[in-house]
Amino acid sequence: MTLITDPFFYLVAVPAVLLLGISKSGFGAGFGSLAVPLMALAVSVPQAAAILMPVLLLMDLLGMAAFRRHLDRSLLWFLLPWGLAGIALGTLLFRLLDGRAVAGILGVVILAFLAQRLLFPPKPDSPPPPRWVGALLSATSGFTSFIAHAGGPPINAYVIPLRLSPVLFTGTMAFFFFFINLSKWVPYYWLGLLDWRNLGTSLVLLPLAPLGVWVGVRIAHRIQPVLFYRLIHIGMFLTAVKLLWDAWR
């Protein structure tokens, strides 16, 4: 089994995995989508996504264990089928997609959501978004998760206005992305992305997974809801800027 030996790869991969682990705990959830763009500074986007697959599996298991008592089951069962539909669409279109176009579209969608939240902030008595919006954004989340593990911002755009508590938000998202990420394994193998070099590199990065999740869990249980969602918005903004940069460079 071979693995990547380029020092620059690990220089960007280590902080990327730590950010992903912290995001899996719920704290700074928007920052997790930066992991693949960061690693793409050293390897291709498909290879970065493949390397992170075992890391994501461990993180998802740790996240579910930490928040197993905090789950909105009805919301999860509504979101999940649409997310899996997005995975199916990503599988079918993967070889036809231009990575820069996908990055640009996702970046614009995230910025549009943030602009709407800034210019028209929700009121305490505002109704939740319509369910068709949830279906569309869940499918988008599955699609962008398949392409670049960047499913957080679209699903956040629907779930954040529901005003769940931080731990309920985190627990529901932990279970949602466990099933979403689990469903990628067969398509990734079919597309030839899970080779021994990528898996060997994953094993080197794997010990960082519990460290990132542990740090995030410690913070998520102590953070105030207003600050929690403000940090998610900051993470979404930074993700959008990085995606747009990748699309236009």
Closest non-hydrogen contact found for Asn181 with Met53 is O-CE, 3.8 Å
Do Thr170 and Ser165 come close enough that some side-chain heavy atom pair is under 4.5 Å? no
Using every non-hydrogen atom in the two residues, find where Ala209 and Leu58 come nearest and quote the distance to one decimal. CB-CD2, 3.9 Å
Taking atom OH as the centre, does Tyr189 end up with more than 12 heavy-atom neighbours from other residues, nucleotides or ligands that are less than 6.0 angstrom away? no
Please report the C-alpha distance between Asp60 and Leu182 in whole Å, then the side-chain angles of each, then the deciding distance to 0.1 Å, and finally whether the side chain to side chain contact (heavy atoms under 4.5 Å, CB included) criterion is met. CA-CA 9 Å; Asp60 288 334; Leu182 191 64; over 6 Å; no
For residues Tyr188 and Thr91, determine if any side-chain heavy atom of one lies less than 4.5 Å from a side-chain heavy atom of the other. no
Once rounded to the nearest 0.5 Å, what's the spacing between atom CZ of Arg163 and atom CG of Leu168? 14.0 Å
Is there a donor-acceptor pair under 3.5 Å between the side chain of Thr201 and the backbone N or O of Arg197? yes
Treating Lys184 as the side-chain partner and Ser145 as the backbone partner, does any N or O pair qualify as donor plus acceptor under 3.5 Å? yes
Quick check: is Val14 connected to Val43 through a chain of hydrophobic side chains (ILVMFWY, heavy atoms under 4.5 Å apart)? yes
Does atom CH2 of Trp185 have more than 12 heavy-atom neighbours, drawn from other residues, nucleotides or ligands, at distances under 6.0 Å? yes
Are the side chains of Tyr158 and Leu136 in touch, meaning some heavy atoms are under 4.5 Å apart? no
Side-chain heavy atoms nearer than 4.5 Å, only ILVMFWY residues, links allowed to pass through others: does that put Trp77 and Leu84 together? yes
Rounded to the nearest 0.5 Å, what's the gap from CG on Leu20 to CG on Leu208? Could you check? 11.0 Å
Euclidean distance, Arg73 CZ relative to Phe175 CZ, rounded to 0.5 Å: 7.0 Å
With rounding to the nearest 0.5 Å, note down the distance linking CG in Leu62 to CZ in Phe178. 11.5 Å
Does any N or O in the side chain of Ser202 come within less than 3.5 Å of the main-chain N or O of Ile51, such that one atom is a donor and the other an acceptor? yes
Is it the case that the side chain of Thr172 and the backbone of Phe169 share a donor-acceptor pair, with hydrogens and angles ignored and the cut-off at 3.5 Å? no
Shortest non-hydrogen contact between Pro154 and Thr144, atoms and distance: CG-OG1, 3.8 Å
What closest approach, in Å, do Leu203 and Pro207 show between heavy atoms, and which atom pair accounts for it? O-CD, 3.5 Å
Smallest separation among heavy atoms of Ser141 and Phe176, with atom names: OG-CE2, 3.8 Å
Got Tyr10 and Ile4 here, is their nearest side-chain heavy-atom distance under 4.5 Å? yes
To the nearest 0.5 Å, what is the distance between CG (Leu11) and CE (Met39)? 12.5 Å
Are Val186 and Leu191 co-members of a hydrophobic cluster defined by side-chain heavy atoms under 4.5 Å apart? no
Are Leu71 and Arg68 side-chain neighbours, meaning at least one heavy-atom pair lies under 4.5 Å? no
Sub-4.5 Å side-chain heavy-atom contact between Leu79 and Val159: yes
Would you name the heavy atoms of Ser138 and Trp82 that are closest together and state the gap between them? CB-CB, 3.7 Å
Heavy-atom side-chain proximity of Ile155 to Leu137 below 4.5 angstrom: no
Once you round to the nearest 0.5 Å, how far does CD of Gln47 lie from CG of Leu52? 10.5 Å
Does Leu193 offer a backbone N or O that forms a donor-acceptor pair with the side chain of Asn198 under 3.5 Å? yes
Are Val133 and Ile160 connected in the hydrophobic side-chain network, where two residues link if heavy atoms are under 4.5 Å apart? yes
Quick one: do Ile180 and Ile87 satisfy side chain to side chain contact (heavy atoms under 4.5 Å, CB included)? Show the steps, please. CA-CA 7 Å; Ile180 291 296; Ile87 293 290; 3.8 Å; yes
